[in-house]
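One structure is given here, and the rest of the page talks about it.
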Number of protein chains: 2
Amino acid sequence: MTDTAPRPTLEAVAARAGVSRATVSRVVNGGDGVRQALVERVQQAVEELGYVPNQAARSLVTKRHDAVAVIVAEPESRVFADPFFARQLRGISKELTAHDNQLVLLLTEGRGDHARVGRYLAGGHVDGALVFSLHLDDPLPELIQRAGIPTVFGGRPGWSGGRDGVVYVDSDNRGGARDAVRHLLGLGRTRIAHITGPLDQTSAADRLDGYRDVMVDADPRLVEEGDFTARTGERAMRALLARCPDLDGVFAANDLTAAGALRALREHGRRVPDDVAVVGFDDMPPIAEQTEPALTTVRQDIEEMGRLMARLLLRGLDHAPSGVILPTTLVRRDSA
Amino acid sequence: MTDTAPRPTLEAVAARAGVSRATVSRVVNGGDGVRQALVERVQQAVEELGYVPNQAARSLVTKRHDAVAVIVAEPESRVFADPFFARQLRGISKELTAHDNQLVLLLTEGRGDHARVGRYLAGGHVDGALVFSLHLDDPLPELIQRAGIPTVFGGRPGWSGGRDGVVYVDSDNRGGARDAVRHLLGLGRTRIAHITGPLDQTSAADRLDGYRDVMVDADPRLVEEGDFTARTGERAMRALLARCPDLDGVFAANDLTAAGALRALREHGRRVPDDVAVVGFDDMPPIAEQTEPALTTVRQDIEEMGRLMARLLLRGLDHAPSGVILPTTLVRRDSA
DNA sequence: ATGAAAGCGCTAACAG
DNA sequence: CTGTTAGCGCTTTCAT
């Protein structure tokens, strides 16, 4: 790696402005309590020299880093197929940027990477962590707790029952699912199937619970487990069709799954929504608007989730509510 | 943000092991030239105290950060619709992780963010930068050059002609495009249309060039500009169909565009591949395998691109080749 | 309101 | 091989 040209230090600026380092430091950090004349002189010197504070030196004394780790622990498949991840990142990035914080991205490939993440967190490089996509049996939270660093989880962690001090942001998965199923019911459908997500994630489990809230004693054969991918959605739909040819409605755990289901339905000559009405979850425009027919779905504001997670973390977790649940809304298009 | 418990310092470890700070430092950093007995004593002290080096203090003296900035300058639309971004990130992350480097993600929302990025880069927080998705008129490279920090670009920068010392990694877009069109020709198609990407990006321009290489004097009306999104691919296909109803082949600049084209084709009652053969570009499995019919497309190894970019940067740019072009391969499925 | 001085925790000569 | 000694560039009392 080529060396960077030596950058001017506080010292240099002080010399040029004819003041002490302390004064320059004050000006650079807001400049209260410094005479206006001096402030200007310093600012000019900063300008002329192109001075930029050395973050390492600053962190060394302040013990702050103005950096937040974002940890994504997710099997490849989903992260790549689904714009979900990118959207959350964007929200987080916006909020962090607005507060002059940097985003350090930690992608994990599996258990092997956990030690590394733990070490990094314990290393005190960042002021906090934002963690996604935890599965029920994930050891990551344990590590993170041990690192003793402020953390906000994206999505309700499966193990949080009882654990205190766990802060998370989630969508109203259960309520959204209820809305979806009720909408189907309102359309006169009675044989409503559900293709779930991976049930070791709370978002998927909660949506299933919502489905069951409304379909109190539904035929258990109407529920098929999926994993949030289109491929599996298609396969699940085929299984459902074979098992319950009389079904007239489907609530898919996310839009990708719904897209897969739509394919299977078309393949089997079922018209949507005439024969079978379909509702998705997420409202990812590039997916929901592109399906044939366009998808009726439950919208969650993913970017806002990201933004909120960052905001909570930056504000300080001491007075933060444990869980924040964001509302969802049903978006009607053509599939139901 | 809650404070982290005060962590033990080198000093503390030294005291406990009964050696000097220098010795501890040596052990922590590889430990060559230290008697085995001492090494073990120090390691045990480290263990017992749970010592982790303070990165800020270390950077302050070494002037290295073991961190790389990844800058993504891309209008929302594409980053979110396309798994492209996530894949490259994964490749980069893997390589960086393997070399104990951190990934600092900088997402820009537009011109307004450029100053911030420039400041960050100039701030000397990172040892290098990886930059994506530059458009022809993008001022970002300028800023980056000024920051004087080692940089590798993802995709051939549009302005690199003449500029020396620009290092980039790209796919063989032009060659891949030629393969795609030749394949269509080999199928006996003669009226082959092309839906381009945004032509201010070299990847799109190069693919168009590749198309023209083969279709030397093609009817110019067979070319329609797109922007790498499905929606636009659909619209472009409609326009093409209206203008040249006799077309029998389409080369779409990427898979998403091809997916959109497929929709338009279906809507117009054209059978694929019988009436119109379609070839895409990228080979994004979640897209290419899910279209109806499955997409014949030009594969590029996106994750490898990311990995290679990181590798070049970490190895040091001084002896790096200016441009590295990765090969592409045609993947036959059902659409052509 | 401003300056002097003391470190933050670490590495890197330099001695020994 | 190991210890001593200087800082790296910045913030922050404490005087003035």
Side-chain angles (χ1 to χ4, degrees), chain A residues 3-43 45-46 49-67 100 119 122-127, chain B residues 3-43 45-46 49-67 100 119 122-127:
Chain A
D3 285 292
T4 306
R7 297 185 298 111
T9 70
L10 249 203
E11 184 81 52
V13 178
R16 178 160 195 121
V19 299
S20 73
R21 273 156 39 196
T23 299
V24 178
S25 176
R26 286 181 189 114
V27 172
V28 169
N29 294 295
D32 14 74
V34 179
R35 225 175 359 159
Q36 188 55 25
L38 277 197
V39 172
E40 278 161 21
R41 235 171 52 223
V42 171
Q43 277 169 346
V46 166
L49 262 34
Y51 169 75
V52 189
N54 178 320
Q55 195 56 234
R58 183 179 275 178
S59 290
L60 186 54
V61 29
T62 60
K63 274 134 174 35
R64 291 179 50 259
H65 302 83
D66 297 320
D100 265 305
R119 227 180 307 127
H125 307 257
V126 291
D127 302 324
Chain B
D3 285 293
T4 307
R7 296 186 299 112
T9 69
L10 249 202
E11 186 80 53
V13 178
R16 178 164 197 117
V19 298
S20 73
R21 273 157 38 201
T23 299
V24 178
S25 176
R26 285 180 189 113
V27 172
V28 169
N29 295 295
D32 15 75
V34 179
R35 225 178 355 161
Q36 189 54 26
L38 278 195
V39 171
E40 277 161 23
R41 228 164 63 220
V42 171
Q43 278 170 346
V46 165
L49 263 33
Y51 169 76
V52 188
N54 178 319
Q55 194 56 234
R58 183 179 271 177
S59 290
L60 186 54
V61 29
T62 60
K63 275 135 173 33
R64 290 178 50 262
H65 301 84
D66 296 322
D100 264 304
R119 226 180 309 126
H125 306 258
V126 289
D127 302 323

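As the structure is a prediction and not an experimental result, all values here were calculated from the model. Lettering of chains follows the sequences in order, A, B, ..., and the numbering in each one begins at 1.
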Note: chain A reaches DNA chain C at heavy-atom distances under 4.0 Å over the stretch, first to last nt, 5' to 3', of C:dA1 to C:dG9
With sequence neighbours excluded, what pairs up with A:Ala15 under the side-chain contact (heavy atoms from CB on, under 4.5 Å) test? none
Using the salt bridge (charged side-chain N to carboxylate O under 4.0 Å, His left out) rule, collect all pairs that involve residues 52-65 of chain B, keeping only residues at least two apart or in two chains. B:Arg64-B:Asp66
side-chain hydrogen bond (donor to acceptor under 3.5 Å, both in side chains) partners of A:Arg16, counting only residues at least two apart: A:Glu48
Contact list for residues 26-37 of chain A, test salt bridge (charged side-chain N to carboxylate O under 4.0 Å, His left out), sequence neighbours left out: none
Could you work out how much the helix from C:dA1-D:dT16 to C:dG16-D:dC1 bends, comparing the axis of its first five pairs with that of its last five, to 10°? 30°
Contacts of type side-chain hydrogen bond (donor to acceptor under 3.5 Å, both in side chains), residue A:Thr9, not counting sequence neighbours: none
Distances for protein N or O near nucleotides 13-16 of chain D N or O, under 3.5 Å:
none

Taking only residues two or more places apart in sequence, or in another chain, which ones meet A:Thr62 in a side-chain hydrogen bond (donor to acceptor under 3.5 Å, both in side chains)? none
Among all residues two or more places apart in sequence or in another chain, which pass the side-chain hydrogen bond (donor to acceptor under 3.5 Å, both in side chains) test with B:Ser59? none
Identify, with sequence neighbours excluded, every residue that meets salt bridge (Lys or Arg N to Asp or Glu O under 4.0 Å) alongside A:Glu40. none
Please list, in numerical order, the residues of residues 57-66 of chain B that have a heavy atom closer than 4.0 Å to any atom of DNA chain D. B:Leu60, B:Val61, B:Lys63
